[in-house]
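Reviewing the structure listed below.
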Amino acid sequence: MEESSEGDAGGQNVKEEEDMQTMPDITEEEDVEAFTHADVLDIFEEGLARLVQDPLLCDLPIQVTLEEINSQIALEYGQAMTVKVLKADAIVVVQDASVLDLKKAIRRFMELKQQREGGVRHISWKYIWRSYNLVFQGGKLEDDRMRLKDYGIRNRDEVTFMKRLRRK
């Protein structure tokens with residue numbers, strides 16, 4: 001049995017060598033000069049546009065980020081969940097996400113949305129989290145280290161913002 005595996009490995013090495021011989025001989029200098037930065041961006045955007053046409057990823061925006069693609073794939077494989085946030089949209093977080101992870105995901109989502117729509121340039125998230133609580137079924141999500149599942153939040157549940165009461 002060992003002979004056949006060695007023979008297969010030897011066959012693979014010969015095939016790899018043949019493939020290397022049939023490839024055009026390109027030096028690094030030619031590679032660098034072959035494409036401008038703009039050309040590479042165009043090729044990347046075309047590939048990304050084709051990728052977004054995949055049924056699994058078709059609901060992603062055209063200017064999609066790698067993080068959004070990874071989140072969508074994790075969601076499809078059951079490794080993430082969608083949390084609907086009132087005043088925002090469906091936010092994807094991993095299954096064992098903490099409240100802080102949800103806050104960061106909301107921030108990233110809103111920043112990307114603002115970039116795409118050309119809206120408000122800067123949002124003070126320090127002010128937002130100081131002025132508002134995230135609330136799920138009437139309970140405030142106050143402890144940033146607690147997991148969402150500890151609050152009872154599951155896939156497709158809705159979280160809302162609630163104005164904090166002023167302390168005197």
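The figures that follow rest on heavy atoms only: side chains count, while hydrogens, waters and symmetry mates do not.
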| message | Between V92 and I73, is there shared hydrophobic-cluster membership here, with clusters defined by ILVMFWY side-chain heavy atoms closer than 4.5 Å? | response | no
| said: Could you check whether any side-chain heavy atom of L141 comes within less than 4.5 Å of a side-chain heavy atom of F136, counting everything from C-beta outward? | reply: yes
| Are any non-hydrogen side-chain atoms of F109 and V85 less than 4.5 angstrom apart? | no
| said: I need the single residue from Q114, R108, R107 that forms a side-chain hydrogen bond (donor to acceptor under 3.5 Å, both in side chains) with E111. Which is it? | reply: R107
| Taking all non-hydrogen atoms of both residues, which atom of A80 and which atom of S71 are closest, and how far apart? | CB-O, 4.4 Å
| Do L112 and E68 come close enough that some side-chain heavy atom pair is under 4.5 Å? | yes
| Do the non-hydrogen side-chain atoms of V99 and D143 ever get within less than 4.5 Å of each other? | no
| request: Could you tell me whether the side chain of D42 and the main chain of D39 form a donor-acceptor pair under 3.5 Å? | output: no
| query | Which atom pair, heavy atoms only, marks the closest approach of K163 to Y127? | reply | NZ-OH, 3.8 Å
| query | Are K103 and D144 close enough that some pair of their side-chain heavy atoms sits under 4.5 Å apart? | reply | yes
| In terms of hydrophobic clustering (I, L, V, M, F, W, Y; side-chain heavy atoms under 4.5 Å; direct or indirect links), are V159 and I123 co-clustered? | yes
| Test of ring centre spacing under 6.0 Å for Y132 and W125 | no
| field | Under-4.0 Å salt bridge between K84 and D157 | value | no
| Could you give the distance from CD1 (I153) to CZ (R147), rounded to the nearest 0.5 Å? | 12.5 Å
| field | Value rounded to 0.5 Å, distance of CG in L75 from CG in N70 | value | 12.5 Å
| Do you know which two heavy atoms are closest between R130 and R164, and how far apart they sit? | O-CD, 3.1 Å
| task | Determine, using the 4.5 Å side-chain heavy-atom cutoff (strictly less than), whether W129 and L102 are members of one ILVMFWY cluster. | result | yes
| task | Give, for atom OG1 of T82 and atom CD of E158, the distance between the pair rounded to the nearest 0.5 Å. | result | 13.0 Å
| Got a sec: does the CZ of R156 have more than 12 other heavy atoms crowding it under 6.0 Å? | no
| query | R145 versus S98: any side-chain heavy-atom pair under 4.5 Å? | reply | no
| R154 side chain near K149 side chain, heavy-atom distance below 4.5 Å | yes
| query | Is it true that V83 and Y151 fall in one hydrophobic cluster, defined by side-chain heavy atoms closer than 4.5 Å? | reply | yes
| field | Side chains of L134 and T160 in contact at under 4.5 Å (non-hydrogen atoms) | value | no
| said: Check for me, please, whether I106 and I128 land in the same ILVMFWY cluster - side-chain distances under 4.5 Å, paths through other members count. | reply: yes
| message | With a sphere of 6.0 Å drawn around CE of M162, does it hold more than 12 non-hydrogen atoms of other residues, nucleotides or ligands? | response | no
| request: Tell me, yes or no, whether the heavy-atom count around K126 atom NZ, taken from other residues, nucleotides or ligands under 6.0 Å, exceeds 12. | output: no
